[in-house]
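Take a look at the structure below.
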Amino acid sequence: MKKLKFQQQFNLNYSLNCGQTFNWTNQDDCWYGVIKNDVYCLKQDDNVIYIDSTDSDCINTMKKYFRYQDNYELIISCISLDPFIQTAIQNFSGLRLIRQDPWECTLSYLCASNTNISNIRKMLDNLSKKFGNRLTFHDKQFFTIPSPSTLSNAYLSDLIKCKVGYRAKYIKRSAVFIDQNSYIFDELKIMNLINARKKLSDSCEMFGVGPKIADCILLFSHDMLDSFPIDTRILQTIKQYYRYLLDPEMYKIQNDKSTLTSYQYEYLSKIMIDYFGPYAGYAQEFLYCQYGLSDKFTR
DNA sequence: GGTTGACCTGG
DNA sequence: CAGGTCAAC
């Protein structure tokens, strides 16, 4: 059992359970999860997390994963720009962005289109059980996220057995591409957000990755903290609380079709990033969580 | 270039 | 209807 003490605010439950990552489970008063080829068991007490793991270097892994070096106070003060987000920040104080492995993140969000969080969890779980490696820890079974190489060799029919539906062909094709071109993730890291998003979403090789999923990949696994993914929740939030930021021309976004055209997406993204600044991605995560709260009361 | 409908699956 | 994207107008 090792300890990691955070100097600034940190909340493990919010960070693991806010819809950024989908392969952590809470069992026996402990968060269990797999990163690459290791199992981690995490508990929080005040600003300390207690780590039990198969990874001998787990402290450093956790520091990276939970963005230990981010200046949390500074980031929060930069995005605390209006009463609405201030409320969200208070409600989810200690929520942090997570730095995921690029492929694990890509696979997760390939599963995420037009479905809900519990279903994303199930799809990833099915894929890991069928194609991942089995690990045993604390007398429990865990499975690694399957590699691009494994999934590139998978039959479409076996992917479909994992209940991923029409996403099977996205997963297969993207796995084939990443298996042979894994350097693309390094190329993306030195690009700016606009170009990186374009490269990911325009590439027909990254089949199934549009602008929204591209933004998630860039925010959660490429350190692009200005990325501001716009999903249905965020779109509703913008309509309700940030409409005043939009050009009058763009008011037509009010028509209640839930999906955005790529043009509308890029426009809204620019507006929100201009507003929230270089840490817009943190703002997005607070707004996403806040919507989860208010949704239950207003609908 | 901007719209529209189909799409696996589960609650 | 849910953390969207693709293919056809």
Side-chain angles (χ1 to χ4, degrees), chain A residues 14-24 88 92 95 97-98 100 104-127 130 156-174 177 197-221 227-239 249-250 252-269 272 280-296 298-299:
Chain A
Y14 294 154
S15 303
L16 290 181
N17 205 19
C18 65
Q20 302 182 68
T21 173
F22 309 98
N23 64 339
W24 290 85
F92 295 96
L95 169 65
L97 285 175
I98 285 173
Q100 302 178 36
E104 296 186 4
C105 187
T106 302
L107 183 61
S108 301
Y109 283 93
L110 276 175
C111 294
S113 73
N114 197 24
T115 185
N116 54 50
I117 291 184
S118 77
N119 216 11
I120 301 169
R121 279 182 151 48
K122 280 179 197 155
M123 289 187 247
L124 275 177
D125 198 44
N126 294 338
L127 287 168
K130 190 158 185 64
L156 218 50
S157 55
D158 285 334
L159 289 170
I160 288 170
K161 284 180 190 154
C162 297
K163 307 288 185 188
V164 295
Y166 63 87
R167 301 166 193 80
K169 52 188 182 291
Y170 300 167
I171 293 169
K172 169 91 176 172
R173 246 167 85 170
S174 297
F177 178 65
R197 179 206 290 149
K198 194 164 292 179
K199 177 152 182 133
L200 273 177
S201 61
D202 286 357
S203 164
C204 50
E205 307 289 356
M206 293 294 282
F207 195 45
V209 177
K212 189 273 171 178
I213 291 178
D215 275 349
C216 288
I217 294 171
L218 295 171
L219 175 61
F220 299 133
S221 68
S227 174
F228 190 90
I230 300 171
D231 55 50
T232 51
R233 289 190 185 195
I234 296 297
L235 181 58
Q236 296 308 317
T237 303
I238 293 173
K239 286 181 187 172
E249 268 181 55
M250 294 303 287
K252 58 187 172 187
I253 288 179
Q254 67 192 309
N255 62 15
D256 242 348
K257 276 170 274 179
S258 53
T259 59
L260 294 170
T261 67
S262 61
Y263 174 73
Q264 291 173 323
Y265 187 98
E266 283 163 30
Y267 170 78
L268 286 179
S269 168
M272 299 311 285
Y282 263 98
Q284 191 270 5
E285 210 52 33
F286 282 106
L287 296 178
Y288 183 83
C289 290
Q290 180 64 25
Y291 185 90
L293 279 186
S294 53
D295 187 43
K296 294 186 178 69
T298 56
R299 293 209 177 188

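So you know, we letter chains A, B, ... as the sequences are listed, proteins then strands, and number each from 1.
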Nucleotide B/dG5, atom C1' - distance to OH of A/Y166 in whole Å: 13 Å
Run the numbers on A/D158 and A/K161 for salt bridge (Lys or Arg N to Asp or Glu O under 4.0 Å), then give the verdict. CA-CA 5 Å; A/D158 285 334; A/K161 284 180 190 154; 3.1 Å; yes
Under 3.5 Å, side chain of A/S174 to main-chain N/O of A/M206, donor-acceptor pair present? no
Here the distance between atom P of C/dG4 and atom CZ of A/R233, to the nearest Å, is 10 Å
Send over the distance from A/K172 NZ to B/dC8 C1', rounded to a whole Å. 19 Å
Taking the side chain as C-beta and beyond, is there a heavy-atom pair between A/S269 and A/I230 under 4.5 Å? yes
Nearest listed nucleotide, side chain of A/K163, among B/dT9, B/dT3, C/dT5: B/dT9
Do A/F286 and A/Y14 make the cut of ring centroids closer than 6.0 angstrom? no
For B/dC8 versus C/dA8, give the span between their P atoms, rounded off to a whole number of Å. 14 Å
Counting only heavy atoms and a strict 4.0 angstrom limit, can you tell me which residues of residues 107-115 of chain A come near DNA chain C? A/Y109, A/A112, A/S113, A/N114, A/T115
For the side chain of A/R233 and the backbone of A/Y288, is there at least one donor-acceptor N/O pair under 3.5 Å apart? yes
Between A/Y263 and A/R167, which is nearer to the 5' end of DNA chain B once each is assigned its nearest nucleotide? A/Y263
Heavy atoms, side chains only, cut-off 4.5 Å: are A/N23 and A/D125 in contact? no
Would you mind reading off the distance between A/L127 atom CG and B/dT9 atom C1', rounded to a whole angstrom? 14 Å
Minimal heavy-atom distance between A/C18 and A/C289, with the atoms involved, is CB-SG, 3.4 Å
A/F92 and A/L293: CA distance, side-chain angles, deciding distance, side chain to side chain contact (heavy atoms under 4.5 Å, CB included) verdict: CA-CA 10 Å; A/F92 295 96; A/L293 279 186; 3.7 Å; yes
So which protein N/O to nucleotides 6-9 of chain C N/O distances come out below 3.5 Å?
from: C/dC6; atom 1: OP1; to: A/G208; atom 2: N; distance (Å): 3.0

Would you write out the dot-bracket form of DNA chain C, 5' to 3', with Watson-Crick and G-U pairs under 3.5 Å, [ ] for crossing pairs, | for pairs to other strands and . for unpaired bases? ||.||||||
Atom CD of A/Q264 and atom C1' of C/dG4 are separated, to the nearest Å, by 14 Å
Kindly say if A/K122 contacts the phosphate of B/dG11, meaning a side-chain N or O under 4.0 Å from OP1 or OP2. yes
Within the distance-only criterion (no hydrogens, no angle test), does the side chain of A/R167 pair as donor or acceptor with the backbone N or O of A/C111 below 3.5 angstrom? yes
What's A/I117 touching, base or sugar-phosphate or nothing? Going by heavy atoms closer than 4.0 Å. sugar-phosphate
Among the nucleotides B/dT9, C/dT5, C/dA2, whichever has the atom closest to the side chain of A/N116 is C/dA2
Of C/dT5, B/dT9, B/dT3, the nucleotide closest to the side chain of A/N119 is B/dT9
Would you say A/T232 places a side-chain N or O within less than 4.0 Å of OP1 or OP2 belonging to C/dG4? yes
Whole-Å gap separating P (C/dG4) and CG (A/L268): 15 Å
How many whole angstroms separate atom CG of A/L260 from atom P of B/dT3? 11 Å
Within the distance-only criterion (no hydrogens, no angle test), does the side chain of A/Q284 pair as donor or acceptor with the backbone N or O of A/M272 below 3.5 angstrom? no
Can you tell me how far C1' of B/dG2 sits from CD of A/E266, to the nearest Å? 12 Å
Determine whether a donor-acceptor pair (N or O, by modelled atom type, separation under 3.5 Å) exists between the side chain of A/S227 and the backbone of A/D215. yes
When the P atoms of C/dT5 and B/dG11 are compared, how many Å lie between them, rounded to an integer? 24 Å
Name the nucleic acid region contacted by A/Y265, choosing base, sugar-phosphate or nothing; use a 4.0 angstrom heavy-atom cut-off, strictly under. nothing
So, A/Q20 side chain and A/I98 main chain: donor-acceptor pair closer than 3.5 Å or not? yes
